[in-house]
Every structure is written in structure tokens, then in C-alpha cells.
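Order of appearance sets the numbers: ligands from 1, and atoms from 1 within every ligand.
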Amino acid sequence: MNTPHYHYLFGPVPSRRFGRSLGIDLTPRKTCSLDCVFCQLGRTTRKTLERKAYVPTADVIEEIEQWLKSGTSADYLTLSGSGEPTLHAQFGDVLAFLHRQPIPSVLLTNGTLFYLPEVRAAAAQAQVVKVSLSAWDQRSFEWVNRPQQQLDFATIFDGLREFRKGFDGQLWIEVFLLAGINAMPKDVKKIARLARALRPDRIHLNTTARPPAEDFAAAVPKARLEELTGLFEPPARIAADETAHRSPKTIADEASILAMLKRRPCTMNQIETAFGLHINEVSKILGHLIDTHQVRADLKRTEVYYTSTSIGSHSFQTQDK
Ligand code: SF4
């Protein structure tokens, strides 16, 4: 079923970790407390710690109710999207609603606001909380995640530890590794030591698969990631290929996007507008097209353009309209 008429829902999209996941987006694009160099949605446009109702909570819940009645299935209902969901002052109300539904709920968060007791209490209503941990001290945090200036790594980590004490759901940790930045074994060991203190149920190692916010955020080869998995406890898993979970809708969208990119190079925003898809869906589809060498990314002026590899680079022309 197509969902372009929903304002706050997207998908279900195939997720590397969560099978088919209905995304619930509680913030405007790139409203985040961090500006990670690896962010696949580009640079943060609103870096903030301000917690408020960025979108109307009642409208979000009404859309979820409608979606549930539509009979579409999903493995998880996931607070994620194009910013940091815990910045929404009522994300706990949405999780409380999800908690009463038959499909498990997931909160994907950067964890930076977990130093606030009210954020921890709200987050604890999710069945799975997946937090990011890709740094080991303030310096590495500033280098990798470029936080809002008031954020303090040690305070955030204490908040995460406090959360784990009172949370009996699944706590997953995602460690995003970048070649030459935070993937040296001595540094990964420091991240692993912190991760262990949170007693996670699962740890995933990830690296860039799509063009990140910054060119210098380079991927770690899979063989190298595999060597690093054993440093973690429990041993980390490598974010699996999402191909296995691709739905017929995703495949249809992918074919249409590829057909367009054979005719003209486009930016992610242009594809999003043309197909009425959420930016996360476009990002995942482009990721798969790049992984399978059907599309390549070219930086032109300040924008990344996606082009079918069946078009020669000599014919590349930006066609802004
Ligand atoms: S990766 Fe997540 S936490 Fe980092 S800037 Fe992007 S949206 Fe924010």
C-alpha cells in the first residue's frame, strides 16, 4: 500500500535491523542535537536541545490509528525519521499509545537527551531502544558527532547508564565506524568498554553505505568490521544487508527511481519530491542501488547528484529546475 497521504508515517521500509518497519517521524528534517559526519540525511540544519511539540501529537496518533486499520503489516513501529525523536516533547505519549498495539515499538535515538529523567521515563515505554555510541570521550564525540555545544559526553553516558538500570526492554547499541576516524582497534576498544557497561542485548557495527554528510567519512571494509566484532560483549553483529527484507513496494519504487535516474541525474530532495516518498525511504533505496552498482553519487557544486551507472560520466549535466 502506498502511504504518501500520511504526513508523519513512512514505509513500512526494509530496515537492516528491524525487518519491515513503519517509520514515525516526529521532527522536521534534520532537527537534531547532533550533526554526525556520517549522517546519511546530510548536514543538520537545526542543531538544538529544545524539546517541544515539533509536530502535533494528536495528529500523529490519528495517522497511526488509520494505518493500523488499513490492514498493512509491519514487524515494528519505529520512532525514527529525519531528526532526533526525543526532541519531541511528547514522544512518550506516542510510545504509550504504541505500547497498547500488537506490534512492538522501537525508539531509534542518539541518546543525547537521556541525561534528563523525563526522557528516560518516556523512552522506557518502548520495547526496543536502540542508541548510538560512536565516540569514547568529549573530543571524539565532537569530532564524530559534532554535538550541540552544551552537550557533555560524560553526562550523556551517565544518563544512558541510569536508563539501563531502570529499563527491562531490549537495549541495542549501534556503533558507527569510519575509516581513519574512530575505527582503530585501540579506539574501538574504548567504545566497547563503554558499551559493555550498558549491558546491551545487541550491538551492531555500521559504516557508511550511502553518501554521508561529509566526504571524509569513509567506510570501513566489511572484513575489517568483522575483525572488530569480537572486541564487544556480546560480540557485535554487522548490520546485515537489507536486500532480504525488501518489499514489493520498495522494489517498485526502486524501479521507478532508477528509470528516472537513467534519464537525468537528481538530488535526494528531487527524488523525494517527485515520488512523494519520505527521505529515509529514498535514502535506503539509493543505498541499495549504489551497493548494487546501478547508481553512483557525484558531488557537483555543493550537492550530491545520483545518476544511473548506465549513463556515462561525460554526459553528466545538472538540470536544476
Ligand atoms: S545520524 Fe542521527 S543523530 Fe546523527 S545527525 Fe543524523 S539524524 Fe542526527
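Residue L34 places a heavy atom less than 4.0 Å from ligand 1.
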* To do: Applying salt bridge (charged side-chain N to carboxylate O under 4.0 Å, His left out), run through E227 and R224 and close with a yes or a no.
  => CA-CA 5 Å; E227 286 167 18; R224 188 95 185 103; 2.7 Å; yes
* To do: Take E162 and K165, measure what salt bridge (charged side-chain N to carboxylate O under 4.0 Å, His left out) needs, and give me the verdict at the end.
  => CA-CA 5 Å; E162 203 52 37; K165 277 189 207 159; 3.2 Å; yes
* To do: Could you walk me through whether T31 and T48 pass side chain to side chain contact (heavy atoms under 4.5 Å, CB included), step by step?
  => CA-CA 7 Å; T31 301; T48 183; 4.0 Å; yes
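Between atom 8 (Fe) of ligand 1 and C32 there is an N/O/S contact shorter than 2.8 Å.
Atom 5 (S) of ligand 1 has its closest protein heavy atom at C36 N, 3.3 Å.
Within 6.0 Å of CZ in R146 there are more than 12 heavy atoms belonging to other residues, nucleotides or ligands.
Within the 4.0 Å heavy-atom criterion, the part of T44 lying near ligand 1 is the side chain and not the backbone. Here K30 has side-chain heavy atoms under 4.0 Å from ligand 1, and that is the only part of it that gets that close.
Remark: side-chain polar atoms of T309 are paired, donor with acceptor, to backbone N or O of Q294 under 3.5 angstrom.
Residues W143 and F216 bring their aromatic ring centres within 6.0 Å.
If you check each of G111, S134, C39 against atom 1 (S) of ligand 1, the one with the closest non-hydrogen atom is C39.
Atoms of ligand 1 found under 4.0 Å from any heavy atom of N110, numbered from 1 in the order shown, are 3 (S).
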